[in-house]
Participant: 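A single structure is presented below for examination.
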Protein chains: 2
Amino acid sequence: MARRRQAVTIKHVAADAGVSLQTVSRVINNEPNVRAEMKQRVQASIDKLGYVPSIAAQRMSGSRSYLILAINDRERTIADWRARQGTDWVDQMLLGGMLKCAEHGYRMIFELIDTHDDHVERELLAAIAALQPDGIILTPPHSDNPQIVAFLAGQNIPFVRIGSHEDGAGIPLSMDDEGSARTATRYLIGRGHARIGFIAGSDEYNLSGWRVDGWRAAMAEANLPTEALLEAGDFSYASGERAARRLLQLPQRPTAIIASNDQMALATLEVARDLGLTVPDDLSVISFDNTPLVHFTQPPLTAIDQPIAATASRAVELIIAAQKGEERPAELTVISADLVERGSVAPPPASIR
Amino acid sequence: MARRRQAVTIKHVAADAGVSLQTVSRVINNEPNVRAEMKQRVQASIDKLGYVPSIAAQRMSGSRSYLILAINDRERTIADWRARQGTDWVDQMLLGGMLKCAEHGYRMIFELIDTHDDHVERELLAAIAALQPDGIILTPPHSDNPQIVAFLAGQNIPFVRIGSHEDGAGIPLSMDDEGSARTATRYLIGRGHARIGFIAGSDEYNLSGWRVDGWRAAMAEANLPTEALLEAGDFSYASGERAARRLLQLPQRPTAIIASNDQMALATLEVARDLGLTVPDDLSVISFDNTPLVHFTQPPLTAIDQPIAATASRAVELIIAAQKGEERPAELTVISADLVERGSVAPPPASIR
DNA sequence: GTGAAAGCGCTAACAA
DNA sequence: TTGTTAGCGCTTTCAC
């Protein structure tokens, strides 16, 4: 392979327009102190020659790299990819993140990092040193990983922590898990349910706790009991199955169950079927995440939509703002989630009501 | 934001090891002409200081960028992302491509380009000039787009055309669509089916035609008629619905249908239900792609698995090999697909058999 | 086998 | 408002 050099450089443009390199640079970067006429002339040459600045060279000379790193958990992401169950977290991140990046002339680079690895810092450093990104987006469970947060804080690089409430280095960006759980719970209460079970997600994710909190809060405000109605899960189908079985075999079984993700809701549907319960007539189910599978279940699942695309998009905006030297927002940024109504919720059965 | 400079550079390493810059560079790039002892000393300094070479600087001085661009069709990709139907083409590409890249110290950058846009060249040029990738992976329908292929050929950059048979610039890499269609058809014939309908995909994709060819070939070799059994679709659910309805309302309806993708197979299932036909007892269905939804249909779909991850992985290998100056393979590289058996195929109904 | 010098494309700092 | 100079971190010559 022959070595490739930039075909058209700033030099060609400068020569063509009959100006200095610096003037071209100013035009590229939209800097002030260039006369309109000059600017136009340079722009004409740029267009004529099809010039595009080299990110490498820009980065080299100490300017921006126009690269934003989106970091996800390696193990979980690869497991999801291999499972092919339709989990589309990555797709939604790209949808929101890439498009927003493109709007601002940035590019999003997707990276996988091990949460548990004792080389986290080395992995991160490698990515940062190699790519020199202008900002980093952290997703759960990395967002609250003290080691990662501390390391990034020391790198003097703007970063957003998606799904985090904690103060500290970096910009936290919440998807309002507690509020969503409250919304789902109130929705069920509004339809007459009083015994509402909850299947929690993995402890490794802070959002699991927040979702439980929201459920508890909504139950409390309606003076409804929660005892024995909380079951631990870990987001896996198997854990959802176990949890659902325990809940549905309670002497006084719940008339509705909220599952902390779609897989566990799917398992709940299956257990209900197995026990001869019809959804939604005998049992109502609400799930979290709203991944593609909600369309395909029998009945389709009413679900809390995790606004991943919107969140990633906002994260990019926050990073670009930070890049420009703007202050980080004083308040925690919250992207709220909607409840999408489908077919898995009905009033509780008359016999129990 | 303060300007960030590389924390540890080749200079620091050179100073620490007491050698010249050049020697460090040689060690980094694993070049010959360095004594083992020297190499070891330098490597020790690299590890100690946590040095990682800057891709920007490497690229600047005319070496590789260690970046591989994966290009997908913007319109279709975004539509899939928004539809949230679980299409996981992108995920599978990342799975295969990113992991293989990581193995070789490369990174995969995912880009979207408009097929129809008259600015294709400009968009491509922008990506290439900005990123200076070492290679490009084209996916359908870009793989056989003459404008794109011609443009890339002129850029002196290795590129792979996934899902392409055509000779010419770039390295074609086939997923054996014709063979897969033949496999699916033979599989049905083996189970006793004689009237096998086929729903084709969009003309915009060459693979649509190859799948039809495979079906035709398998039918021909068994001396089975194909007349009236081929219906056009465009990969959309709606088109699948129309096609399935026409096929199933034929005076002599098919006992099996092969749909060129999962969405159209899903539609076929729905039409069958609507017409009072049970799958698989009255009608067998095989779909293409094996996206996540195949698990969730009633019954789960027997499907041809498109080996996207394996193909992306191979594409990366081909590019890295080309980068090293190796000859492109003389033969067309073919990644073959498997048939995954689930619940949508049975022998034809006795009344027809 | 190792080192010194030049230059990649661009921008920051300064000068005019 | 515009141009000049130096240097970013690295690799490629070309000496030694």
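Computation of the quantities below employed the complete heavy-atom set of this structure, encompassing side-chain atoms and omitting hydrogens, waters and symmetry-equivalent molecules. Keep in mind that what you see is a predicted model, and the values were worked out from it rather than measured.
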Participant: List the atom pairs, with distances to 0.1 Å, where a side-chain N or O of residues 312-320 of chain A and a protein N or O form a donor-acceptor pair under 3.5 Å, not counting sequence neighbours.
Facilitator:
unit_1, atom_1, unit_2, atom_2, d
Arg314(A), NH1, Glu317(A), OE1, 2.9
Glu317(A), OE2, Lys100(A), NZ, 3.0

Participant: Does dC10(C) have OP1 or OP2 sitting under 4.0 Å from an N or O in the side chain of Tyr51(A)?
Facilitator: yes

Participant: Nearest of dC10(C), dT11(D), dT1(D) to any side-chain atom of Gln58(B)?
Facilitator: dT11(D)

Participant: Can you pull out every side chain to side chain donor-acceptor pair (under 3.5 Å) where at least one residue sits in residues 136-150 of chain B? Sequence neighbours excluded, please.
Facilitator: Asn72(B)-Thr139(B), Asp144(B)-Ser164(B), Asp144(B)-Asn206(B)

Participant: Measure CD/Glu37(A) against C1'/dT2(D) and give the value in whole Å, please.
Facilitator: 13 Å

Participant: Side chain of Ser54(B) only, heavy atoms from C-beta on: which candidate in dG9(C), dT11(C), dC10(D) is closest?
Facilitator: dC10(D)

Participant: Under 4.0 Å from any atom of DNA chain D, heavy atoms only: list the residues of residues 13-26 of chain A that qualify, in numerical order.
Facilitator: Val19(A), Ser20(A), Gln22(A), Thr23(A), Arg26(A)

Participant: Side-chain contact, heavy-atom cut-off 4.5 Å: Lys11(A) with Gln6(A)?
Facilitator: no

Participant: Per the ring pair (Phe, Tyr, Trp, His ring centres under 6.0 Å) rule, what does the pair list look like for residues 145-174 of chain A, sequence neighbours excluded?
Facilitator: His165(A)-Trp210(A)

Participant: Is the phosphate of dT2(C) approached by Asn33(B) (side-chain N or O, under 4.0 Å from OP1 or OP2)?
Facilitator: no

Participant: Nearest whole Å is fine: how far is dC10(D) C1' from Gln6(B) CD?
Facilitator: 10 Å

Participant: Whole angstroms only, please: what is the CE-C1' distance between Met60(B) and dC8(C)?
Facilitator: 4 Å

Participant: List the residues meeting side chain to side chain donor-acceptor pair (under 3.5 Å) with His12(B), not counting sequence neighbours, and say none if there are none.
Facilitator: Thr9(B)

Participant: Separation of Arg64(B) atom CZ from dC10(D) atom P, in whole Å?
Facilitator: 15 Å

Participant: What integer distance in Å separates Glu31(A):CD from dC10(C):P?
Facilitator: 14 Å

Participant: Could you give the CG-to-P distance, from Asn29(A) to dC10(C), as a whole number of Å?
Facilitator: 10 Å

Participant: Whole angstrom is fine here: how far is it from CZ in Arg59(B) over to P in dG9(D)?
Facilitator: 19 Å

Participant: The criterion is salt bridge (Lys or Arg N to Asp or Glu O under 4.0 Å); which residues satisfy it with Asp167(A), sequence neighbours excluded?
Facilitator: Arg328(A)

Participant: So what does Pro32(B) hit on the nucleic acid, given a heavy-atom distance under 4.0 Å: a base, only sugar-phosphate, or nothing?
Facilitator: nothing

Participant: Just the rounded figure in Å: distance from P of dT2(C) to CD of Gln40(B).
Facilitator: 13 Å

Participant: So Arg107(B) and Tyr66(B), do their side chains get closer than 4.5 Å, heavy atoms only?
Facilitator: no

